Q: 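This is the structure, below, for whatever I ask next.
Predicted model, so just to flag it, every value in this text is computed and none were measured. Any value given below was found using the heavy atoms of this structure, including those in side chains, with hydrogens, waters and symmetry copies removed.
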Amino acid sequence: MADATTLTRTAPTFAIVGHPNRGKSSVVATLSQNDSIAIAMEPGTTRESQAFPLKVDGETLYNLVDTPGFQRPRRVLAWLEAHSASASDRPDTVRAFYHQHRDDPQFHDECELLAPIIEQQAGIIYVVDGSVPYSPANEAEMTILQWTGRPSLALINAIGSDDHSNDWENALGQYFRIVRRFNAVTAPFEQHLGLLRAFGQLEPRWEKLLGTATTHLERQRQQRHEQAAELIVHALSDMMQLQVSAIESTHEPRSDSRRHLQQRWLDAQRKRERQLRHAIEGLYQHHRIQRQERDLDWQNDDLFSQRSRAAWGVSRTYLATAGFGAGALGGVGIDALTFGASFGTGALLGGVIGAASSYFYADRLAKWSFGPLLGDRQTLRYGPVADLQFAYVILGRALNHWYQISHRNHAGRSPMALENTESHWLEQLSRDRQRELQGLVQRLGKGTTDGRRHTHWIQVVSESMDAFEQWQEQFRKGPGRAHS
């Protein structure tokens with residue numbers, strides 16, 4: 001791995017240039033993982049060049065400079081052509097134009113976009129909108145960039161629904177050695193890495209640096225995956241074991257006291273789920289997400305009704321079957337203690353108990369308990385969770401949110417819609433992993449988890465995240481494949 005100081009000092013800089021309102025800022029936001037960059041539909045929003053470094057663990061992997069769009073490229077090119085004697089002096093002629101006009105208001109935007117190229121020896125990323133037709137008017141822009149003599153690459157970033165990318169590819173190929181299609185809003189992470197490798201091809205001294213940057217980003221993604229799994233385990237544990245209590249009121253019936261306590265419990269569950277959402281979003285550096293999602297509820301549409309279970313929960317049969325497996329795993333301990341003298345009785349007994357408890361608790365959301373009488377009043381307690389279905393509901397919602405966030409580019413500005421998630425993703429897990437997950441759920445429900453198995457539980461949830469991702473990928477290819 002490259003030395004951090006060396007990497008920071010030598011990190012390459014790229015100027016993002018092009019016509020106004022063609023998606024330059026979107027490209028910068030996605031490649032710098034910065035969702036604070038202003039992305040507007042109005043031309044001329046960016047008037048000053050601004051640098052955005054991409055840092056991992058404090059190391060700058062590369063710098064991106066967002067620049068204004070060309071305003072008078074034909075007049076600039078006319079000046080250059082009038083002051084150039086041959087191809088050999090073109091970079092010097094562009095430099096002369098920049099120094100002579102950098103305080104001239106009529107060429108403000110051109111000088112701003114040339115500044116990082118001239119002063120920082122930045123590489124050039126020329127961005128065009130593939131959804132608008134190619135126009136020869138862009139040739140003046142491309143010619144100016146070609147005259148700078150700097151390494152350059154072109155990106156076709158389709159903003160609208162029309163597609164003129166083929167025409168653009170033919171035209172751009174005459175000015176740029178590398179031309180890529182890259183939708184800043186939807187491009188998957190693998191395309192980000194591919195783009196970095198393409199940048200490395202622009203100049204030999206960047207190749208190793210950007211190769212190191214690619215390794216850093218892959219490692220960062222894996223770390224975020226593991227950290228997200230740990231956050232989900234903690235939230236699941238907190239929510240499964242949540243208990244609230246209150247002393248009965250002397251001014252209302254017990255049924256009202258119980259209803260108010262249940263509402264407190266549900267509000268606390270919603271709050272903990274929101275905390276998990278924010279933690280996951282912060283982990284992936286999404287700080288301005290607008291979510292469209294139903295809060296946890298059970299009164300109006302009954303989140304835990306049979307209809308909801310059938311739609312996106314797990315069935316009682318699944319709970320009983322997986323519960324048997326998880327219970328049998330626990331029962332193995334009995335056999336071990338008797339040195340096998342029980343002839344498997346422990347495993348069988350554990351399985352039966354596990355299945356029975358899973359089936360029994362599938363109808364009870366949480367447990368009620370009562371404290372000692374204080375005069376004519378009594379302490380009511382609600383929680384922890386008794387219905388193991390609850391864990392699958394919470395886990396499914398958490399995995400869906402994690403998946404949407406981890407695959408969302410930082411140029412995305414539309415609200416994130418989080419639909420309820422059905423349970424078919426569990427089919428991506430092996431039987432052994434399903435039993436292990438059920439074991440985690442049962443232990444959380446009983447409050448019997450301890451620190452010794454914490455790393456194992458994180459691994460179980462991490463594999464659940466992988467299974468959910470595989471299921472989503474299959475669903476994208478065709479819903480029938482995901483459910484077959």
Side-chain angles (χ1 to χ4, degrees), residues 26 29-30 32-39 52 54-58 185-186 188-189 192 217 219-244 263-298 303 312 383-385 390-421 425 440-441 444 449 454 457-462 464-466 468-469 472:
S26 297
T30 289
S32 64
Q33 299 185 7
N34 188 333
D35 65 355
S36 69
I37 295 173
I39 298 174
F52 296 94
L54 177 69
K55 294 185 177 181
V56 175
D57 298 333
V185 176
T186 63
F189 178 69
H192 301 188
L217 289 175
R219 188 187 64 189
Q220 179 194 59
R221 192 164 184 81
Q222 182 58 35
Q223 287 177 338
R224 285 175 173 174
H225 188 285
E226 294 166 2
Q227 291 169 337
E230 186 165 8
L231 288 170
I232 292 173
V233 168
H234 281 302
L236 201 57
S237 176
D238 291 346
M239 295 176 76
M240 288 292 288
Q241 296 173 29
L242 177 67
Q243 184 182 66
V244 294
Q263 188 61 47
R264 272 183 54 199
W265 184 86
L266 183 58
D267 290 342
Q269 296 287 20
R270 289 170 174 160
K271 181 180 179 181
R272 185 64 182 92
E273 187 181 58
R274 283 195 294 271
Q275 289 174 342
L276 174 63
R277 299 282 194 265
H278 291 306
I280 296 287
E281 289 160 15
L283 185 62
Y284 286 89
Q285 297 185 36
H286 286 287
H287 303 293
R288 293 167 178 78
I289 292 288
Q290 294 182 34
R291 279 180 260 116
Q292 294 180 342
E293 179 186 28
R294 277 185 51 191
D295 280 336
L296 283 170
D297 195 6
W298 77 60
L303 184 68
W312 54 283
V385 171
F390 181 83
Y392 286 97
V393 171
I394 296 302
L395 181 60
R397 288 166 64 95
L399 295 184
N400 187 34
H401 173 260
W402 160 80
Y403 177 83
Q404 300 296 336
I405 289 297
S406 64
H407 289 75
R408 183 182 175 93
N409 287 339
H410 292 75
R413 293 294 183 269
S414 59
M416 185 174 66
L418 292 168
E419 303 293 337
N420 288 337
T421 303
W425 63 271
L440 168 63
V441 167
L444 290 178
T449 55
H454 184 67
W457 297 135
I458 292 173
Q459 182 63 31
V460 170
V461 170
S462 177
S464 298
M465 293 160 69
D466 293 337
F468 191 92
E469 190 170 33
Q472 281 288 333

Q: Hey, could you give me the CG/CZ distance between Leu217 and Arg224, rounded to the nearest 0.5 Å?
A: 8.5 Å
Q: Against Val461, only a single residue in Leu231, Asp466, Val233 fulfils side-chain contact (heavy atoms from CB on, under 4.5 Å); can you say which?
A: Val233
Q: Minimum heavy-atom separation for Arg413 to Ala29, with atom names?
A: NH2-CB, 4.4 Å
Q: Go through the structure and list residues passing ring-ring contact (aromatic ring centres under 6.0 Å, His included) with His407, not counting sequence neighbours.
A: Tyr403
Q: Got a sec, which residues hit side chain to side chain donor-acceptor pair (under 3.5 Å) with Gln243, two or more places apart in sequence or on another chain?
A: none
Q: Which residues satisfy the side-chain contact (heavy atoms from CB on, under 4.5 Å) test with Ser36, sequence neighbours excluded?
A: Asn34, Arg288
Q: Looking at every heavy atom in both Ser32 and Leu54, which two are closest together, and how far apart are they?
A: O-CD1, 3.4 Å
Q: For Met416 and Gln292, what are the C-alpha separation, side-chain angles and deciding distance, and is it a side-chain contact (heavy atoms from CB on, under 4.5 Å)?
A: CA-CA 6 Å; Met416 185 174 66; Gln292 294 180 342; over 6 Å; no
Q: CE of Met465 to CH2 of Trp425: how many Å apart, nearest 0.5 Å?
A: 11.0 Å
Q: So which atom in Ser464 and which in Leu399 form the shortest heavy-atom distance, rounded to 0.1 Å?
A: O-CD1, 3.9 Å
Q: Would you give the length of the straight line joining atom CG of Leu395 to atom CG of Leu440, rounded to the nearest 0.5 angstrom?
A: 8.5 Å
Q: Could you tell me the separation between the OH atom of Tyr284 and the CG atom of Asp35, rounded to the nearest 0.5 Å?
A: 15.0 Å
Q: For Gln222, check side chain to side chain donor-acceptor pair (under 3.5 Å) against everything at least two apart and list the hits.
A: Glu226
Q: State whether Arg219 and Asp57 are salt-bridged, where the test is any N-O pair (Lys NZ or Arg NE/NH1/NH2 against Asp/Glu carboxylate O) under 4.0 Å.
A: yes
Q: What verdict does the side-chain contact (heavy atoms from CB on, under 4.5 Å) test give for Gln269 and Val385, after you've listed the backbone C-alpha separation in whole Å, the side-chain angles of each residue and the deciding distance to 0.1 Å?
A: CA-CA 11 Å; Gln269 296 287 20; Val385 171; 4.2 Å; yes
Q: Side chains of His278 and Ile289: does their closest heavy-atom pair fall under 4.5 Å?
A: no
Q: In chain order, what residues pass the side-chain contact (heavy atoms from CB on, under 4.5 Å) check against Ala235, with sequence neighbours excluded?
A: Arg272, Leu276
Q: Would you call Leu418 and Gln404 a side-chain contact if the rule is heavy atoms closer than 4.5 Å?
A: yes
Q: Which residues satisfy the salt bridge (charged side-chain N to carboxylate O under 4.0 Å, His left out) test with Asp267, sequence neighbours excluded?
A: Arg270
Q: My understanding is that only residues two or more places apart in sequence, or in another chain, count here; which of them pass salt bridge (charged side-chain N to carboxylate O under 4.0 Å, His left out) with Arg277?
A: Glu273, Glu293
Q: Could you list the residues that satisfy salt bridge (charged side-chain N to carboxylate O under 4.0 Å, His left out) with Arg291, not counting sequence neighbours?
A: Glu281
Q: Can you list the steps and then say if Val185 with Asn409 is a side-chain contact (heavy atoms from CB on, under 4.5 Å)?
A: CA-CA 6 Å; Val185 176; Asn409 287 339; 5.6 Å; no
Q: Return the set of residues passing side chain to side chain donor-acceptor pair (under 3.5 Å) with His286 (not counting sequence neighbours), or none when no residue passes.
A: none
Q: Here's one to test your reading of the geometry: is the NZ or CZ of Arg221 within 45 degrees of the ring axis of Phe189 and under 6.0 Å from its centre?
A: yes
Q: Of all residues at least two apart in sequence or in a different chain, which pass the ring-ring contact (aromatic ring centres under 6.0 Å, His included) check with His225?
A: Trp402
Q: Which distance, rounded to the nearest 0.5 Å, do you find between the CD1 of Ile232 and the CD1 of Ile458?
A: 11.0 Å
Q: Quick check, are the ring centers of His410 and His287 under 6.0 angstrom apart?
A: no
Q: Of all residues at least two apart in sequence or in a different chain, which pass the side-chain contact (heavy atoms from CB on, under 4.5 Å) check with Val460?
A: Glu436, Leu437, His456, Trp457
Q: To the nearest 0.5 Å, tell me how far Gln285 CD sits from Ile405 CD1.
A: 12.5 Å
